[in-house]
Each structure stands twice: as structure tokens, then as C-alpha cells.
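Structure first, then comments.
Chain identifiers are assigned alphabetically (A, B, ...) following the order of the sequence lines, protein sequences preceding nucleic acid strands; residue numbering begins at 1 within each chain. Below, each value reflects all heavy atoms present in this structure, side chains not excepted, and no hydrogens, waters or symmetry copies. Just so it is clear, the model here is predicted, and its values are computed rather than measured.
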2 protein chains.
Amino acid sequence: AFVTLATNDTYALGCLVLANSIRQTKTTRKLVVMLTDGVTSSMRHQLERVFDVLYDVDLLDSRDSCNLALLGRPDLSCTFTKLHCWKLTQFDKAVFLDADTLVLQGVDELFDREELSASPDAGWPDCFNSGVFVFKPSEETYAALRDFALAQGSFDGGDQGLLNLFFRDWATKDIARHLPFIYNVVSQAFYSYLPAFTQFKNDIKIVHFIGQVKPWHHSFNTITGQVQLLPGTGHDQNFLQLWWNLFIKHVQPALDPTVGGLVGELASLQIKSGGPSVVFLDDSDRRLAWERGQMDYMGVDSFENIQRKLDSKIEDRS
Amino acid sequence: AFVTLATNDTYALGCLVLANSIRQTKTTRKLVVMLTDGVTSSMRHQLERVFDVLYDVDLLDSRDSCNLALLGRPDLSCTFTKLHCWKLTQFDKAVFLDADTLVLQGVDELFDREELSASPDAGWPDCFNSGVFVFKPSEETYAALRDFALAQGSFDGGDQGLLNLFFRDWATKDIARHLPFIYNVVSQAFYSYLPAFTQFKNDIKIVHFIGQVKPWHHSFNTITGQVQLLPGTGHDQNFLQLWWNLFIKHVQPALDPTVGGLVGELASLQIKSGGPSVVFLDDSDRRLAWERGQMDYMGVDSFENIQRKLDSKIEDRS
């Protein structure tokens with residue numbers, strides 16, 4: 001199975017686009033989404049339309065021995081959400097994909113790989129990036145990961161640091177466990193070594209929109225049907241357009257406009273109807289991030305953008 | 001042998017610091033520097049003091065069949081300068097190191113690796129970074145590289161693109177040919193995935209100051225003995241300080257102040273003598289880059305820096 005994770009309605013949007021991108025490849029594999037209670041029942045219904053299996057991850061379920069062990073360590077609970085995928089033992093083998101990835105070509109051949117196979121992380125390539133990985137569901141591995149996490153923690157506070165410590169021979173043991181980078185091309189690779197990106201662009205199978213700005217944060221022109229990039233994100237126009245094309249075609253028409261937040265805003269979009277030509281979709285989302293202190297100084301919150309926004313407001317009033 | 005390359009006096013400075021950093025590890029291997037005629041005879045003498053072998057690379061030497069073949073392709077001559085290392089057939093095995101690398105710990109174990117071994121490039125990790133690689137000198141390989149270059153070219157206009165196409169099974173064939181990233185940690189890795197950098201920092205064996213700004217471009221405070229970083233380069237203060245410590249101790253005292261350019265400026269530095277406390281070493285160098293259109297908008301040539309420089313000049317006059 002292909003497995004992804006939704007911890008709230010916004011990430012559920014990512015899951016929906018991801019699932020549609022996988023369906024396009026005519027895969028024979030099942031699609032599984034893991035859900036936390038941050039997802040509304042409205043979005044659950046949307047997910048049911050495209051995923052074969054919805055798997056609830058309840059971190060406070062005390063019937064789960066792992067959760068019991070983690071009760072004293074709330075700092076690890078977030079890390080552990082993703083690791084619940086190892087409990088999907090109804091599947092022999094599975095591929096995990098983050099909600100901010102997009103599949104461009106068939107990738108069923110990934111199921112020929114062994115645990116743990118993953119692509120190198122472009123930031124520190126002796127680590128793998130845990131946004132895409134092949135694994136073998138197993139209660140034993142899940143318990144071992146729990147014990148390891150309790151003893152060692154994670155060097156980056158997330159699942160990637162933990163998984164890299166747990167599967168620590170990845171960098172040195174077996175080249176077959178190195179997925180080619182084309183299975184997890186992170187946005188920063190688009191500009192870090194541009195000639196390589198240009199050379200290998202057509203081979204890319206999965207893109208990964210890492211960073212704080214996600215595909216759903218960009219603006220979308222409902223008249224032209226074109227995505228309009230926020231500056232400084234390093235995202236690629238063409239890949240973002242593919243994301244939005246899937247979103248507008250398969251996801252948006254079924255969204256419930258009575259749901260709050262970004263999902264409600266998106267559900268209300270009037271495509272090609274003569275409404276506002278550019279919709280800044282993400283203001284509430286971004287304000288939330290700002291209030292939580294996660295300002296993105298180089299990206300959407302840079303002085304230039306703030307200035308532009310202020311200017312546009314001033315113009316509105318004059 | 002360890003092999004590096006100097007195409008002008010400034011890069012020769014890098015070679016001198018690099019050689020001293022290798023000598024510090026008490027290596028049993030020879031040190032070789034390849035030289036083009038861009039290096040002055042004064043700097044040749046400096047290089048002779050620390051390198052065992054000086055190897056002249058004369059791209060216009062028509063007795064070299066490779067050069068003959070390349071005569072009609074001046075675009076490839078620069079790419080080929082580095083590849084002359086394959087002609088050092090007096091050595092069974094060799095390790096190439098770019099002039100902007102610095103060795104922090106003994107790396108003689110690299111000679112146990114086979115051709116072609118290299119670390120993944122942090123920008124596109126299915127490519128190796130050609131700043132550090134293990135190779136086997138051979139006239140046959142050199143000729144094959146020449147023919148390949150003439151037929152295929154290089155996708156990035158440099159040796160890295162060419163070598164990655166030539167040794168194209170590097171990413172998929174043999175994990176032993178993947179040098180750990182700690183043998184070629186590029187500056188951008190210091191901030192791309194900071195937790196990994198923090199976690200593995202003490203394991204780093206070779207740092208690679210990639211990008212347009214090189215260690216010798218930063219300012220140096222002759223009173224405190226501290227390097228002062230230009231903003232926006234992504235360089236790490238501690239590693240840069242190591243570079244400068246070696247430079248001041250082993251290289252600077254012997255430099256000839258009558259040589260022009262950066263070398264002359266550096267030779268004239270009065271360490272701890274009460275001269276100017278901060279020396280901007282690189283003005284002429286940087287002006288040259290600017291005139292050639294290689295402005296570094298995000299780094300030393302950013303508006304902020306230009307503004308700061310203008311301000312300091314205005315203050316000087318008032």
C-alpha cells in the first residue's frame with residue numbers, strides 16, 4: 001500500500017491531491033491515509049472518496065502499549081504519529097509518502113525494494129529524507145522504534161532524525177536501499193544545482209514541496225487557471241501547476257463550503273466565474289503561523305512581501 | 001598522492017592552506033599540485049615549499065594528443081584542466097581535492113577506496129561532488145574522458161557534469177564508492193539541515209567552501225586574530241577560523257609583498273602590529289568578478305553590503 005498522513009484539514013488537502021496523483025498512474029496498490037482527530041468529519045468523507053483505507057491514529061488510546069510508554073514524553077508523540085504506519089500489518093510492504101509530495105509517474109516498482117529504502121536528503125545526504133520511504137509493517141519494528149525513541153530521542157525533533165538513527169547503516173551498507181533522488185526531489189534541489197535539475201528533470205517521479213510554504217499557500221488565478229508563485233519559496237512553477245491542476249479537477253469541486261478555515265475558502269472558489277481574479281488562499285493559515293512565531297523571514301513574510309501587501313491595502317483604500 | 005590544482009595566484013593560496021592542513025594529519029602520502037601558467041613564479045616557489053610535486057598543465061602543448069583534439073573546442077579546455085590529474089601515472093591511486101577544501105582530520109583511509117569514489121553532492125545527491133574524489137591515474141582513462149567529453153560535453157559546463165556522466169553508475173552500483181558526506185561537506189550543508197550538521201559536526205573530515213565567496217574573501221582582524229564573516233555566504237565561523245589560522249601561521253609569513261593582487265596585499269599584512277584592525281582583503285578580486293558580470297547578489301554584493309561600504313566611505317571623509 002501507499003500510506004500518507006493527515007493531521008489536520010489542510011494537510012488532508014495535500015493527501016487528496018497526492019492520492020489523485022497516484023491514481024493517475026493506474027497503480028494496483030491500495031491507498032491508505034492515517035488520520036488524527038485534527039481532521040474534521042467533513043474532510044474524512046472527502047478522503048473516503050479516494051483512499052481505500054482510513055486508519056485512525058489515536059495517540060491517547062491507552063490500549064496501545066506504545067502510547068502508554070509515550071504518555072510521559074509528550075515531546076515524542078508528534079514524532080510518533082507517522083511511525084504508526086508500521087502497524088499496518090495487513091500489508092506485506094508499503095511506501096510512505098508525506099502529504100506534501102506529488103507523484104508524477106508510476107512508482108509501483110518501489111515495492112520491489114526492501115526496508116528501509118529511501119532517497120538521500122539534499123541537505124545532508126548521508127541521511128535519508130523520510131518524506132518517501134519503503135518499509136515493512138511489523139509490530140516488532142514498531143515496538144523497537146518506540147524503545148529506541150525513548151532511549152535515544154531524535155536529533156532533529158522529528159521522525160527523520162529518529163529513523164536515521166534507527167536505520168543507521170543506510171548510508172554505508174546497501175546501495176539497493178538508496179532510492180534514486182528522482183523518487184524524492186525536494187524543492188531546494190531546483191536551484192541548488194540547477195544544471196542537474198535541468199538534465200534530470202524529465203526523470204523525476206516524485207516531487208516533495210519541503211519548507212514552510214506548501215503548494216496550497218500559493219495564489220491561484222481563477223480566470224487563467226494559473227498558479228502564481230509566492231517569491232522566495234524555491235518551488236518550481238511547472239510542478240506547482242500540476243499540483244493545482246489535480247486540485248481544481250478532482251478535489252475542489254467536492255469540498256464543503258461550510259467547513260471553516262482554508263478548506264472552506266477553497267470550497268467557495270468560483271472557477272472562471274468572473275470573481276476576484278487572484279485569491280490569496282492562505283492568509284488565515286499564514287497568520288496562524290505568524291502568531292505561533294513561525295515567521296518565514298526569507299519567504300512569504302519577507303519585508304518585500306509585507307511591503308507589497310501594505311501597498312495593496314493602501315491602494316485599495318485610495 | 002593527494003592532488004590539487006592552482007589556476008592562478010589566488011587559488012594557489014587555497015592550495016597552500018590545503019597542503020598545510022593535510023601535512024598536519026601526518027600523512028604518508030605525497031602532495032601534488034597541478035599548475036597552469038596563471039600562477040606567478042613567486043607563487044611557484046611558495047608551492048614548492050609544501051608540495052612534493054609541481055605538475056605543469058599546459059593546455060596549449062600540442063605534443064599532447066588530448067590537447068590537440070581539444071584545440072577546436074576551447075569551451076572544454078577549462079573543464080579539462082582538472083582532468084589532467086589522470087596523467088599522474090607515477091601514482092597507483094590518488095585523491096583529488098579542490099583548492100577550496102580544508103582537511104580537518106587524517107583521511108589516508110581514502111586510498112583504500114576504488115575509482116571512482118566520491119561523496120554525494122548536496123544539491124542533487126544522485127550526482128557526486130567532484131571537489132573530492134578517489135581515482136586511479138591512467139593514460140587510457142584520460143583518453144577515454146577526452147573522447148567522451150568531445151562526444152557528450154558536460155551538462156554543467158564543468159568537470160562535475162562530465163565526470164558524473166562518465167562514471168554514471170556511481171549512484172546505483174556500489175555503496176563502497178559512496179564516500180560518506182563527511183569527506184566533502186559543502187558550506188550549504190551548514191544551514192540546509194542544521195540538526196544533522198550539529199549531530200555530525202565532530203565527524204567532519206573535509207570541508208568544502210563552495211560558492212563564489214572563498215575563505216580568502218572574508219575579512220580578517222589582525223589585532224584579535226579573528227576572521228570576520230561576510231554575511232550571506234553560509235560559511236561556518238569555526239571552519240573559516242581554522243583556515244585562517246593555518247594561513248596566518250604557515251602561509252602568510254613567507255609571501256612576497258612585491259607580487260601584485262591579493263597575494264601582495266596579504267603579504268603586507270602586519271599581524272598584531274597596530275595597523276588597521278580590519279582588512280578587506282579582496283576588493284580588487286571582487287571588483288574583477290563584478291566587471292566580469294559575476295555579481296553575487298545575495299552575498300558580498302548584496303545591497304546591504306554595498307550600502308555599508310558606501311556608508312563607511314562617507315564616514316571616512318567626514
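- Contact of A/Val186 with chain B is not made at all, since no heavy-atom distance falls under 4.5 Å.
- Residue A/Ala196 touches chain B through both its backbone and its side chain, counting heavy-atom pairs closer than 4.5 Å.
- For the atom pair CD1 (A/Ile175) and NZ (B/Lys173), the distance works out to 11.5 Å, reported to the nearest 0.5 Å.
- For the atom pair A/Phe155 CZ and B/Phe197 CZ, the distance stands at 13.0 Å (nearest 0.5 Å).
- The part of B/Leu165 that comes within reach of chain A is its side chain, from C-beta onward, which places non-hydrogen atoms under 4.5 angstrom from that chain.
- Smallest separation of non-hydrogen atoms from A/Asp156 and B/Pro195: CB-CB, 3.5 Å.
- Contacts from residues 119-130 of chain B to chain A, taken as heavy-atom pairs separated by less than 4.5 Å, involve B/Pro120, B/Asp121, B/Ala122, B/Gly123, B/Trp124, B/Pro125, B/Asp126, B/Cys127 in sequence order.
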